[in-house]
Visitor: 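The following block contains the structure, expressed as structure tokens.
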Amino acid sequence: MSTIKLHDLNFTPFISEKELSEIVSSLVHKVSLDLDPDEVPIFIGILNGSFLFAADFIRKYTQNCEVSFVKLSSYKGTTSTEVVNELIGINEDITGRTIVILEDIIDTGSTLHKIYDCFKNKQVKQLKIATLFFKPDVYKKELPIDYIGKSIEDKFIVGYGLDYNGLGRNLPAVYQLTTEAT
Ligand code: IMP
Ligand code: MG
């Protein structure tokens with residue numbers, strides 16, 4: 001893997017495909033241990049960023065499950081806007097069900113706050129949050145995060161579903177914004 005350029009910014013290799021696969025496998029393992037084998041969970045991916053993570057997570061999950069997606073949006077460029085919009089909501093009847101949210105990355109926590117908001121009146125049995133990445137230095141909320149794939153420093157990343165102004169989602173590995181002047 002070598003340095004790549006997206007729009008005006010340069011990014012260097014950060015997390016390989018192999019490490020990503022290992023992180024996802026360990027998340028699946030931890031989530032599976034907690035789930036009641038007699039019930040069918042609904043995994044809900046948060047679009048757009050989690051589409052690859054959700055696809056890989058679900059492929060590694062071996063029991064029966066249902067899958068859905070919610071579309072939220074908060075980021076502009078390389079900073080979180082704090083205003084989170086729900087672009088596509090949940091249509092299924094999720095009353096009494098176990099929901100596991102699959103999020104790509106938790107940064108300030110504004111999106112997570114919005115997720116808790118969307119589900120608070122739905123009378124689900126339980127709501128669990130699994131995030132591939134977490135930036136502990138920027139997280140501003142007290143809301144619980146049940147499963148964390150990898151905690152990372154506060155630097156902007158792209159790839160494996162994550163974008164910089166629309167580009168980079170298709171990269172199979174994760175790249176980090178370079179700090180060097182170009
Ligand atoms: P939060 O609302 O500030 O926690 O930001 C969460 C959302 O912003 C994530 O679901 C991502 O879609 C996006 N995001 C946060 N950090 C990054 C990053 O480093 N690269 C790309 N997108 C990010
Ligand atoms: Mg996201």
Side-chain angles (χ1 to χ4, degrees), residues 1 3-17 19-20 23-24 27 31 42-58 67-90 99-120 127-180 182:
M1 297 200 291
T3 302
I4 53 156
K5 185 165 188 179
L6 299 174
H7 298 295
D8 53 328
L9 299 179
N10 289 301
F11 296 84
T12 51
F14 182 48
I15 302 172
S16 67
E17 282 183 72
E19 192 186 343
L20 284 170
I23 297 169
V24 175
L27 275 172
V31 171
I42 309 179
F43 293 117
I44 299 185
I46 308 299
L47 295 174
N48 291 331
S50 77
F51 75 105
L52 288 181
F53 166 48
D56 285 345
F57 182 102
I58 290 154
V67 180
S68 189
F69 289 91
V70 160
K71 183 165 182 170
L72 302 176
S73 159
S74 76
Y75 246 64
K76 286 261 179 302
T78 62
T79 43
S80 182
T81 63
E82 312 244 325
V83 180
V84 183
N85 297 308
E86 182 181 304
L87 307 175
I88 300 175
I90 186 91
I99 308 294
V100 181
I101 298 294
L102 301 175
E103 175 60 311
D104 52 354
I105 182 166
I106 296 176
D107 185 324
T108 62
S110 304
T111 303
L112 184 62
H113 189 263
K114 181 73 180 181
I115 292 167
Y116 273 104
D117 227 44
C118 295
F119 288 89
K120 76 168 181 254
L127 178 66
K128 300 271 193 189
I129 309 292
T131 186
L132 180 62
F133 299 116
F134 177 53
K135 291 183 182 167
D137 300 337
V138 232
Y139 188 58
K140 292 182 196 156
K141 313 276 181 196
E142 305 275 306
L143 300 163
I145 305 169
D146 302 277
Y147 312 99
I148 292 172
K150 187 180 174 83
S151 292
I152 59 169
E153 60 187 319
D154 179 22
K155 279 194 187 161
F156 191 75
I157 58 171
V158 292
Y160 196 62
L162 292 153
D163 73 307
Y164 166 48
N165 279 345
L167 297 184
R169 293 196 198 276
N170 56 320
L171 297 165
V174 170
Y175 293 72
Q176 190 179 54
L177 183 61
T178 72
T179 40
E180 298 145 37
T182 50

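Nothing here was measured: the structure is a model prediction, and the numbers come from that model. Atom set for the values below is all heavy atoms of this structure, side chains included, hydrogens, waters and symmetry mates excluded. Numbers here are sequence positions counted from 1. In listed order, ligands and their atoms are each counted from 1.
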Visitor: Between F156 and Y164, what is the ring plane arrangement, given parallel below 30°, perpendicular above 60°, and tilted in between?
Guide: perpendicular
Visitor: Check this for me - ligand 1, V84, N or O atoms closer than 3.5 angstrom, yes or no?
Guide: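 No - when backbone and side-chain N and O of V84 are compared with those of ligand 1, no distance drops under 3.5 Å.
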Visitor: Taking the side chain as everything from C-beta on, heavy atoms only, tell me whether I129 gets closer than 4.5 Å to Y116.
Guide: yes
Visitor: Hey, is the main chain of E19 close enough, under 3.5 Å, to the side chain of S16 for a donor-acceptor pair?
Guide: yes
Visitor: Is it the side chain (CB and beyond), the backbone, both or neither of L162 that lies under 4.0 Å from ligand 1, heavy atoms counted?
Guide: side chain
Visitor: If you measure from atom 10 (O) of ligand 1 to every heavy atom of T111, I115, D104, which option wins on shortest distance?
Guide: D104
Visitor: Any salt bridge between K114 and D117, counting N to O under 4.0 Å?
Guide: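 Answer for the salt bridge query: no.
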Visitor: Does S110 reach ligand 1, in the sense of a heavy atom lying below 4.0 Å from it?
Guide: yes
Visitor: So, do N48 and K71 sit near enough that their side-chain heavy atoms are less than 4.5 Å apart?
Guide: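 Counting from C-beta outward, N48 and K71 do come under 4.5 Å.
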Visitor: Report yes if some N/O of D163 lies less than 3.5 Å from some N/O of ligand 1; otherwise report no.
Guide: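 Looking only at distances, the answer is no, because the N/O contact criterion of under 3.5 Å is not met.
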Visitor: Can an N or O of I106 be found at a distance shorter than 3.5 Å from an N or O of ligand 1?
Guide: no
Visitor: Check whether H113 reaches the backbone of K141 with its side chain - one donor and one acceptor, N or O, closer than 3.5 Å.
Guide: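 No, the answer is negative, given that no donor and acceptor are paired below the 3.5 Å cut-off.
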Visitor: Could you tell me, atom by atom, which parts of ligand 1 come under 4.0 Å of a heavy atom of I157?
Guide: 18 (C), 19 (O), 20 (N), 21 (C)
Visitor: Which ligand 1 atoms are under 4.0 Å away from a heavy-atom of E103?
Guide: 10 (O)
Visitor: Please identify which atoms of ligand 1 are closer than 4.0 Å to at least one heavy atom of K135.
Guide: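 Taking each heavy atom of K135 in turn, ligand 1 has 16 (N), 17 (C), 18 (C), 19 (O) under 4.0 Å.
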Visitor: Less than 4.5 Å apart, any side-chain heavy atom of I145 and any of Y139?
Guide: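 Result yes, sub-4.5 Å side-chain heavy-atom pair found.
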